[in-house]
Amino acid sequence: MSPPPARIAAGSGSWVHWNPASVGDDVSRSDSIDLVLRLFADPEVRVLDTANNYGFGASEERIGAAIREHGGVPEGFVIQTKADRDMRTGDFSGARIRQSLDESRSRLGLDTLPVVYLHDPENISWDEAFAADGPVAALVEAKDVGIIGALGVAGGPSALMRRYLDTGHFTALITHNRYTIADRSADRLLDHAHAGGVHVTNASPYGGGFLTAWPPPTDRYAYGVAAPSIRRTAERAAALCSAAGVPLIAAALAFSTQDPRIDRTIIGMRTAADLDATHELLAVPVDAALLDALRTLESDPRGWQDPVDDWL
């Protein structure tokens with residue numbers, strides 16, 4: 001089983017604070033449920049992305065409440081989640097992953113989880129990940145017995161993600177903050193995954209909000225202060241967009257959605273207003289000439305999320 005095609009997935013990672021990088025106020029439970037119900041009826045956004053650890057379980061719990069209110073998951077709509085370590089203790093064992101899957105099934109009210117990603121495996125060593133009773137073995141077993149459908153890997157460092165894909169266990173990938181107008185860390189990873197038939201999802205095309213406007217509304221790119229080189233690249237991109245009469249945020253979205261290597265782009269959505277805003281951005285014409293100019297824009301790799309030589 002492979003994840004179904006979808007241009008956009010709605011991300012639920014910012015509904016409730018759960019890690020030091022979380023920003024903004026928590027979203028009310030009712031607003032989250034209203035968003036999910038709107039998504040269930042949306043003709044274009046047919047995937048909702050969550051994780052066991054988002055909001056320490058609040059994201060999955062709210063989605064589960066919406067599923068119950070709706071009377072089930074609509075046909076053709078996919079809830080995808082991620083198997084997580086224990087954020088408090090750091091436990092990333094096979095036993096913890098089995099517990100993570102059980103928690104997700106209970107919160108969502110689903111016997112089978114259609115798509116599950118191993119989440120942020122950069123937090124353990126390779127040997128720990130592939131131990132006899134480690135997280136990878138637990139997920140492969142869960143897939144074999146039908147607890148999960150498609151199995152993917154979601155994480156940061158591009159070279160490490162490639163290494164996971166090369167094991168043959170994972171048919172789907174989520175990379176984040178590493179293929180944007182300002183950061184091309186995952187460029188070779190996208191080539192590698194696409195060539196291997198892996199279903200590719202690109203998350204955070206706005207770099208955590210940095211690429212939504214110029215001047216940027218935040219000094220942060222991804223999980224830290226934007227490097228000077230990132231600011232310079234974003235400023236040059238903003239100038240190109242201004243000359244073309246295209247908002248920077250619309251170009252940042254099209255940069256991902258119109259890349260043939262990328263099957264799906266995750267856009268964080270906190271309320272139904274974010275869903276409406278995303279549809280408006282998707283309707284903005286972004287011509288090929290502007291995208292070509294953005295793709296060939298020289299970007300200083302010293303400020304990227306991953307060092308260039310990590311791929312070697």
Side-chain angles (χ1 to χ4, degrees), residues 7-11 13-14 21 23 49 120 154-162 173-194 200-242 244 246-269 274 277-278 281-282 284 286-288 290-308 310-311:
R7 190 178 180 195
I8 294 290
S14 63
V23 296
D49 179 82
D120 291 342
S158 298
L160 181 63
M161 294 302 99
R162 178 189 66 174
L173 166 73
I174 297 177
T175 181
H176 63 84
N177 291 297
R178 287 165 168 80
Y179 190 71
T180 71
I181 286 174
D183 186 322
R184 314 298 167 77
S185 299
D187 196 28
R188 283 178 287 185
L189 175 62
L190 297 183
D191 284 340
H192 187 73
H194 181 68
V200 176
T201 296
N202 187 39
S204 302
Y206 309 141
F210 187 79
L211 298 170
T212 57
W214 193 263
T218 175
D219 66 352
R220 295 175 62 85
Y221 180 92
Y223 302 128
V225 175
S229 59
I230 291 289
R231 293 189 66 90
R232 289 194 296 270
T233 302
E235 185 174 18
R236 292 197 296 269
L240 290 171
C241 291
S242 178
V246 175
L248 177 63
I249 186 174
L253 179 59
F255 189 84
S256 179
T257 60
Q258 295 189 34
D259 190 306
R261 302 169 298 176
I262 296 171
D263 299 290
R264 180 184 306 151
T265 300
I266 296 176
I267 300 298
M269 299 185 190
D274 292 323
T278 299
L281 291 171
L282 288 169
V284 173
V286 182
D287 65 28
L290 175 57
L291 288 176
D292 287 345
L294 292 172
R295 295 194 200 287
T296 57
L297 189 64
E298 185 176 347
S299 179
D300 187 342
R302 289 175 296 180
W304 293 356
Q305 294 294 291
D306 299 334
V308 173
D310 273 7
W311 188 263

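These numbers come from a predicted model, not from an experiment.
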Interatomic distance, [X] atom [atom1] to [Y] atom [atom2] [nearest 0.5 angstrom]:
| X | Y | atom1 | atom2 | value |
| --- | --- | --- | --- | --- |
| Arg7 | Ile262 | CZ | CD1 | 12.0 Å |
| Leu248 | Leu294 | CG | CG | 8.5 Å |
| Leu173 | His194 | CG | NE2 | 13.0 Å |
| Leu253 | Leu282 | CG | CG | 5.0 Å |
| Tyr206 | Tyr221 | OH | OH | 13.0 Å |
| Ile181 | Leu211 | CD1 | CG | 6.0 Å |

Which heavy atom of [X] sits nearest to which heavy atom of [Y], and what is that distance?
| X | Y | answer |
| --- | --- | --- |
| Ala154 | Met161 | C-SD, 4.1 Å |
| Ile174 | Asp49 | CD1-OD1, 3.7 Å |
| Ser204 | His176 | OG-CB, 4.3 Å |
| Gly303 | Ala227 | CA-CB, 3.7 Å |
| Ser256 | Asn202 | OG-ND2, 3.1 Å |

Okay, side chain of [X], backbone of [Y]: is any donor-acceptor separation there less than 3.5 Å?
| X | Y | value |
| --- | --- | --- |
| Thr218 | Arg220 | yes |
| Arg188 | Ser185 | no |
| Ser299 | Ala182 | yes |
| Thr296 | Asp292 | yes |
| Thr180 | Asn177 | no |

Those residues that, when tested against [X], pass side chain to side chain donor-acceptor pair (under 3.5 Å) (two or more places apart):
| X | answer |
| --- | --- |
| Thr201 | none |
| Asp300 | Arg302 |
| Asp306 | Ser158, Arg178 |

(message) Under the salt bridge (charged side-chain N to carboxylate O under 4.0 Å, His left out) definition, can you give me all pairs with a residue in residues 201-215, not counting sequence neighbours?
(response)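 Applying salt bridge (charged side-chain N to carboxylate O under 4.0 Å, His left out) to every pair that reaches into residues 201-215, excluding sequence neighbours, yields nothing.
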(message) Which residues pass the ring-ring contact (aromatic ring centres under 6.0 Å, His included) test with Tyr179, not counting sequence neighbours?
(response)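 Here the qualifying residues are Phe255.
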(request) Sequence neighbours left out, what passes ring-ring contact (aromatic ring centres under 6.0 Å, His included) with Phe210? Give chain and number order. (result)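 So Phe210 forms no ring-ring contact (aromatic ring centres under 6.0 Å, His included) with any residue.
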(message) My understanding is that only residues two or more places apart in sequence, or in another chain, count here; which of them pass side chain to side chain contact (heavy atoms under 4.5 Å, CB included) with Ala254?
(response)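 Counting only residues at least two positions away or on another chain, Ala254 forms a side chain to side chain contact (heavy atoms under 4.5 Å, CB included) with Thr257, Gln258, Val286, Leu291.
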(request) Quick one: list whatever passes side chain to side chain contact (heavy atoms under 4.5 Å, CB included) with Ala244, sequence neighbours left out. (result)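 For Ala244, the residues satisfying side chain to side chain contact (heavy atoms under 4.5 Å, CB included) (neighbours in sequence not counted) are Val246, Leu290.
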(message) Using side-chain contact (heavy atoms from CB on, under 4.5 Å), reason through Thr175 and Leu190 one step at a time and then give a plain yes or no.
(response) CA-CA 9 Å; Thr175 181; Leu190 297 183; 4.2 Å; yes
(message) Among residues at least two apart in sequence or on other chains, which ones pass salt bridge (Lys or Arg N to Asp or Glu O under 4.0 Å) with Arg261?
(response)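 Expected list: Asp187, Asp191, Asp259.
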(message) Just to verify, what does Asp183 make a salt bridge (Lys or Arg N to Asp or Glu O under 4.0 Å) with, not counting sequence neighbours?
(response)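 Scan of Asp183 (salt bridge (Lys or Arg N to Asp or Glu O under 4.0 Å), adjacent residues dropped) gives none.
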(message) Applying side chain to side chain donor-acceptor pair (under 3.5 Å) as the test, list every pair that has at least one member in residues 227-240; sequence neighbours left out.
(response)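 For residues 227-240: none.
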